[in-house]
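Okay, so here's the structure we're looking at.
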Amino acid sequence: WESFKATITDLTTSDTSSPMEADEFTDAYTCGTTTSVPKLGPGESAIIYTYGFDHDMPGHSLRADVTLCSQDGLVGTCVTHSINFTP
């Protein structure tokens with residue numbers, strides 16, 4: 001994978017985060033230390049993130065929508081996966 005797009009939707013209020021799109025991923029080795037990962041191979045993992053919300057969210061249900069693509073710029077072969085989080 002070489003690029004991603006991620007958004008979070010608050011299913012309680014229908015608010016949606018600003019989407020994050022990038023041609024690199026983030027890896028965290030220790031608390032507060034991160035590095036850029038240009039692409040992910042089979043079995044590799046990294047951090048995918050998006051911009052947060054401006055309000056308090058305890059008790060809210062959320063949905064994360066993540067698209068991964070095989071080339072930079074969100075092109076090539078792409079897959080999208082949605083994950084729901086409920087309190």
Heavy-atom nearest pair, D10 first then L62, reads CA-CD2, 3.7 Å
Are S17 and T50 linked by a side-chain donor-acceptor pair shorter than 3.5 Å? yes
Can you find a heavy atom in the side chain of F85 that is under 4.5 Å from one in the side chain of L11? no
Between D65 and S82, do the side chains contain a donor N or O and an acceptor N or O under 3.5 Å apart? yes
Flag yes if Y49 and F25 sit in one hydrophobic cluster, no otherwise; membership is Ile, Leu, Val, Met, Phe, Trp, Tyr, and two members link when side-chain heavy atoms are under 4.5 Å apart. yes
With rounding to the nearest 0.5 Å, note down the distance linking SG in C78 to CH2 in W1. 7.5 Å
Using every non-hydrogen atom in the two residues, find where F4 and L68 come nearest and quote the distance to one decimal. CB-CD2, 3.8 Å
C69 side, atom SG; E2 side, atom CD - distance, nearest 0.5 Å: 10.0 Å
ILVMFWY network linking V75 to V79, side-chain heavy atoms under 4.5 angstrom: no
Hits for side-chain hydrogen bond (donor to acceptor under 3.5 Å, both in side chains) against T67, two or more places apart or cross-chain, chain-then-number order -> T80
So, using side-chain hydrogen bond (donor to acceptor under 3.5 Å, both in side chains) as the criterion, who are the partners of Q71 when residues are at least two apart? none
Between I83 and H81, what is the shortest heavy-atom contact and its length? CG1-CD2, 3.4 Å
Tell me the closest heavy-atom pair linking R63 and N84, and the distance in Å. CG-OD1, 3.1 Å
If I compare all heavy atoms of L74 with all of S3, which pair ends up nearest, and what's the gap? N-OG, 3.1 Å
Under 3.5 Å donor-acceptor, D27 side chain and A46 backbone: no
side-chain hydrogen bond (donor to acceptor under 3.5 Å, both in side chains) filter on T34, not counting sequence neighbours, yields none
Within the structure provided, determine whether H60 and T13 are in side-chain contact (heavy-atom separation under 4.5 Å). yes
Atom pair OG1 (T7) and CD (E21), whose distance is rounded to the nearest 0.5 Å: 10.0 Å
Is S61 reaching over with its side chain to a backbone N or O of T12, donor-acceptor style, under 3.5 angstrom? no
